[in-house]
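Note that the structure is predicted; figures quoted are calculated from it, not measured. Labels below follow one simple rule: chain letters A, B, ... track the order of the sequence lines, proteins then strands, and each chain is numbered from 1.
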Amino acid sequence: MDAQVEAGITTDPSRMRALEEKLRDLEKRLAQVEGQVAEDRVSMVVFSGDLDRVLAAFVIATGAAAMGQQVSMFFTFWGLSAIKKDTHISGKSLFQKMMALMSPGSSESLPVSKMNYFGVGAKMLRSMMKDRNVSSLEELMALARELGVKMIACEMSRDVMGIQESELIPGLEFGGVASFLADSLKSRTSLFI
Amino acid sequence: MDAQVEAGITTDPSRMRALEEKLRDLEKRLAQVEGQVAEDRVSMVVFSGDLDRVLAAFVIATGAAAMGQQVSMFFTFWGLSAIKKDTHISGKSLFQKMMALMSPGSSESLPVSKMNYFGVGAKMLRSMMKDRNVSSLEELMALARELGVKMIACEMSRDVMGIQESELIPGLEFGGVASFLADSLKSRTSLFI
Amino acid sequence: MDAQVEAGITTDPSRMRALEEKLRDLEKRLAQVEGQVAEDRVSMVVFSGDLDRVLAAFVIATGAAAMGQQVSMFFTFWGLSAIKKDTHISGKSLFQKMMALMSPGSSESLPVSKMNYFGVGAKMLRSMMKDRNVSSLEELMALARELGVKMIACEMSRDVMGIQESELIPGLEFGGVASFLADSLKSRTSLFI
């Protein structure tokens, strides 16, 4: 009996210490994995300024936000047209002026990527959506805002194209590719649209 | 000796309880991480109806399925043309008719995104693929089906464009953006094509 | 007292064994999750051969590499134009020759996706970028190389288009969709551009 007790006492503490050590190791590894796993987050680059593609972006963005995801939309290049509210010509270089004049002045004048025919296609698509009670782009944009979707305007393309902050809708954040990547690297889903 | 036994008995149970508690905590955290980690799954939005892009979508989809991934393809907007089998005009509004008449009637008449020249480009690409023994789009679509790739037709764009179920190839699922997101949020890779 | 010792000795070992077993089980589950979690990695398909989109691809690629990510760019279809250095006509089929003659001969002659006007748009964009001290595409490509970005040329589209290795810039890897997927499935962010 005494020998048994002895055994219990001498083996258990070392097994226990081994267990505790293993547990600490597991905890460290688990903490690392927890830091690597994606958050409830969806990110997208909105590169296109076509009505159909921008619509797809906002349908996905509002859908994801409604499903509890943190959503970031990074508007760059032609995509900046979707978040413009009007066009100022002063303060722009010649090329910037030319580009501004040939680009849509706001979301309401975005063309469709196919069959646009100088805007007829875009009007047709909007009318078809209204017929089926589908939210318009502007309604989806308002919904996105309500749902807390983060909208970031790309500083670099804004600078290259000479688009001033005052030409853009309010409530935007401004950032570079690092802002997009910071969100995207933690996202379950990232899309380039 | 008795004191040692005493010590062993009085300290061990609390250390053991502490260990058990920590273990339960780790298990809970691990279970959460297990629920957050991506499945062996690939999802894509097929937004484009261009032959070259739809080909890319099916090459990636069949490749991923062959590598043991669950694959979902969500066909929306112009991408619906890739899963049409024919076009019915009756039962469509004027705009829906116009869009139907200007859209490809099936995968076989998809244009290429560049250098299409009224279908010459698409024929040229198909011929070039055949020359190099690359599977045609229709062969890739059949393979996708065999490999269990899930193909979902977007209900909203189907409704807006007035495309009836009978105009689409058989074996599709129907769903909205939530169907796409449900798969995409669990996917290792999601693409917008 | 003796009974207490007895109890301590008889219950502890089984609780300890239970703990050890649970720990082994947790470790196995954790190892599996560790294998499933995304690496510090970003992958992209560069399908487009448009200057604006290829620029976006390289801005994201170099940005991600600078943030410590392993980056893979898989150039396919029109995207191959971005990694061409010149065009050889001999050894190509008629269609391959036609496609080669109508495609850009190198990154320097890539068109923009909109408002290209036979290259004027691309020149304008390059000039606007220079005005704002934004790196040119060629500078970004050199930076990508320095940062260890992996550039893979798609074998299948190279074969279909009849593009020879000698027409491409040096330092590329060659591979199929499986190469892309192998990287993409382990990536935090995957994009189709």
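- In summary, A:Arg29 and C:Glu27 engage in a salt bridge, as defined by a charged side-chain N under 4.0 Å from a carboxylate O.
- Smallest separation of non-hydrogen atoms from C:Leu191 and A:Leu191: CD2-C, 3.9 Å.
- Put simply, the side chain of A:Leu185 reaches to within 4.5 Å of the side chain of C:Val42, judged on heavy atoms.
- C:Arg188 places a side-chain N or O within 3.5 Å of a backbone atom of A:Gln36 that can act as its donor or acceptor partner.
- When every heavy atom of C:Asp52 is checked against every heavy atom of A:Trp78, the shortest pair comes out as OD2-NE1, 2.7 Å.
- In this structure the side chain of A:Phe95 never reaches within 4.5 angstrom of the side chain of C:Leu125, judged on heavy atoms.
- Annotation: the span from C:Glu34 atom CD to A:Gln32 atom CD amounts to 7.5 Å, rounded to 0.5 Å.
- Interface residue A:Ser187: only backbone heavy atoms are found under 4.5 Å from chain C.
- Using a distance-only test at 3.5 Å, with no hydrogens or angles considered, no donor-acceptor pair links the side chain of C:Thr189 to the main chain of A:Ser190.
- Both the backbone and the side chain of C:Val59 come within contact range of chain A, judged by heavy atoms closer than 4.5 Å.
- Both the backbone and the side chain of C:Ala31 have a heavy atom closer than 4.5 Å to some heavy atom of chain A.
- Only the side chain of A:Phe47 comes within contact range of chain C, with heavy atoms under 4.5 Å apart.
- Contact annotation for C:Met129: both backbone and side-chain heavy atoms come within less than 4.5 Å of a heavy atom of chain A.
- Distance check, rounded to the nearest 0.5 Å: CG of A:Leu23 to CG of C:Leu19 gives 8.5 Å.
- Of the two parts of A:Val177, only the side chain, counted from C-beta on, holds a non-hydrogen atom closer than 4.5 Å to a non-hydrogen atom of chain C.
- By number of non-hydrogen pairs under 4.5 angstrom with chain C, the leading residue of A:Met44, A:Met99, A:Lys186 is A:Met99.
- Both the backbone and the side chain of A:Gln96 have a heavy atom closer than 4.5 Å to some heavy atom of chain C.
- Between atom CG of residue C:Asp50 and atom CZ of residue A:Phe77 there is a gap of 10.0 Å, rounded to the nearest 0.5 Å.
- With a 4.5 Å cut-off on non-hydrogen atoms, A:Ser103 touches chain C through its backbone and its side chain both.
- The two residues C:Arg132 and A:Val160 have their closest heavy-atom pair at CG-CA, 3.7 Å.
- Of the listed residues A:Ile193, A:Val45, A:Val33, the one with more heavy-atom pairs under 4.5 angstrom with chain C than any other is A:Val33.
- Looking at C:Ala38, the atoms closer than 4.5 Å to chain A (heavy atoms on both sides) all sit in the backbone: N, CA, C or O.
- Residue C:Lys130 does not touch chain A at all, counting heavy-atom pairs closer than 4.5 Å.
- Within 6.0 Å of the NZ atom in C:Lys85, the count of heavy atoms belonging to other residues, nucleotides or ligands exceeds 12.
- When A:Met102, A:Met98, A:Met161, A:Lys22 are compared by the number of non-hydrogen pairs under 4.5 Å with chain C, A:Met102 comes out ahead.
- Looking at C:Met67, the atoms closer than 4.5 Å to chain A (heavy atoms on both sides) all sit in the side chain, from C-beta outward.
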